[in-house]
Amino acid sequence: FRMARILDLGIPAGRWGRAIHPHAAISPSAEIGHGSSIGAFSDIYPSATIGAHVALRSSVFVAHDATIEDFTFIGSHATALGYTHLGKGAHIGPNSVIKEHVKVGAFAVVGLGSVVLQDVEPYTIVAGVPARKIGMVERFET
């Protein structure tokens, strides 16, 4: 996993930079953690919190007051609406939509083009419109 590889490097948090594409639009009140990358044409709205080592691909929309925890991946054209909470290491597939006030648990996976209307438990794989559980992610030590 990407998280284990990054942690194994032993690089102090203050040594990591942020890679933010010049065509990304980020609110001054949004917080972006070290080691994170924000792709072209992504929009990060006010009071959003992006954790450390988060990867947002191109054209991602993160609405106001959303929280994205460390090591989360969000694919191109995905949307996290207001007050969503994406847990540590979650993987959100391209073109997916996470409804406002919905929580996606740690290391959960949301399939390509899914519409998530309800909370997703940690280590759960969901897909479809609306998203439904289709499997589980193998647990590992964090």
Side-chain angles (χ1 to χ4, degrees), residues 1-9 11 13-142:
F1 287 104
R2 187 172 66 93
M3 182 182 85
R5 289 182 181 163
I6 291 170
L7 293 175
D8 285 347
L9 292 172
I11 298 171
R15 299 285 309 271
W16 289 96
R18 291 167 189 81
I20 300 172
H21 195 281
H23 293 310
I26 301 173
S27 168
S29 67
E31 296 178 24
I32 300 173
H34 60 271
S36 292
S37 64
I38 312 294
F41 308 109
S42 291
D43 291 316
I44 312 298
Y45 272 38
S47 301
T49 302
I50 311 293
H53 304 288
V54 171
L56 273 62
R57 305 299 288 175
S58 63
S59 302
V60 169
F61 177 79
V62 178
H64 63 90
D65 301 291
T67 300
I68 300 172
E69 291 188 22
D70 300 348
F71 300 101
T72 297
F73 172 87
I74 302 180
S76 297
H77 302 280
T79 299
L81 295 173
Y83 299 101
T84 56
H85 186 108
L86 306 181
K88 180 179 183 178
H91 185 100
I92 310 301
N95 293 309
S96 295
V97 177
I98 313 298
K99 183 180 175 274
E100 63 274 354
H101 297 282
V102 168
K103 293 179 182 178
V104 175
F107 304 102
V109 175
V110 175
L112 172 75
S114 297
V115 177
V116 181
L117 302 176
Q118 299 177 33
D119 290 353
V120 177
E121 293 295 318
Y123 296 94
T124 302
I125 303 169
V126 299
V129 180
R132 290 178 174 35
K133 179 179 176 179
I134 62 169
M136 296 295 291
V137 174
E138 184 177 333
R139 292 179 184 256
F140 62 95
E141 294 297 318
T142 57

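By convention here, the first residue in the shown sequence is residue 1. Computed over heavy atoms, backbone and side chain alike; hydrogens, waters and symmetry mates excluded.
Minimum interatomic distance between S36 and G51 (heavy atoms only, all atoms of both residues): OG-O, 2.7 Å. In terms of heavy atoms, L81 sits closest to A66 at O-CB, 4.1 Å. Nearest heavy-atom pair, I6 versus W16, reported as atom, atom and distance to 0.1 Å: CG2-CZ2, 3.8 Å. Closest approach of S96 and G111 over heavy atoms only: OG-O, 2.9 Å. Between S114 and A127, the shortest heavy-atom distance links the atoms OG-CA, 3.2 Å. Contact between A63 and A48 at its shortest, heavy atoms only, is O-CB, 3.9 Å.
Under the 30°/60° scheme for interplanar angles, the aromatic rings of H91 and F73 are found to lie parallel. Using cut-offs of 30° and 60° for the angle between ring planes, the F61 and Y45 rings count as perpendicular.
Put simply, CD1 on I26 and CD1 on I20 are 4.0 Å apart, with the number rounded to the nearest 0.5 Å. Note that OG of S59 and NE2 of H23 are 11.5 Å apart. Values are rounded to the nearest 0.5 Å. Atom NZ in K103 sits 10.5 Å away from atom CD in E121 (nearest 0.5 Å). Atoms CD1 and CD1, on I134 and I125 in that order, are 6.0 Å from each other to the nearest 0.5 Å. Between the CG atom in N95 and the CG atom in L112 there is a gap of 6.5 Å [rounded to 0.5 Å]. A distance of 6.5 Å separates NZ in K99 from CG in L117, rounded to the nearest 0.5 Å.
Proximity of V116 to I92: side-chain heavy atoms (C-beta onward) are nowhere separated by under 4.5 Å. Between M136 and T124 there is a side-chain heavy-atom pair separated by less than 4.5 Å.
Checked by atom type and distance alone, the side chain of R2 pairs as donor or acceptor with a backbone atom of H53 at under 3.5 Å. E100 places no side-chain N or O within donor-acceptor distance of the main-chain N or O of G82, the cut-off being under 3.5 Å. T72 contributes no side-chain N or O that, together with a main-chain N or O of V54, makes up a donor-acceptor pair within less than 3.5 Å. Checked by atom type and distance alone, the side chain of R57 never pairs as donor or acceptor with a backbone atom of P94 at under 3.5 Å.
Pairs passing the side-chain hydrogen bond (donor to acceptor under 3.5 Å, both in side chains) check and including a residue from residues 74-84, sequence neighbours excluded, read S58-S76, D65-Y83.
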Walk me through whether R15 and H34 qualify under side chain to side chain contact (heavy atoms under 4.5 Å, CB included).
CA-CA 8 Å; R15 299 285 309 271; H34 60 271; over 6 Å; no
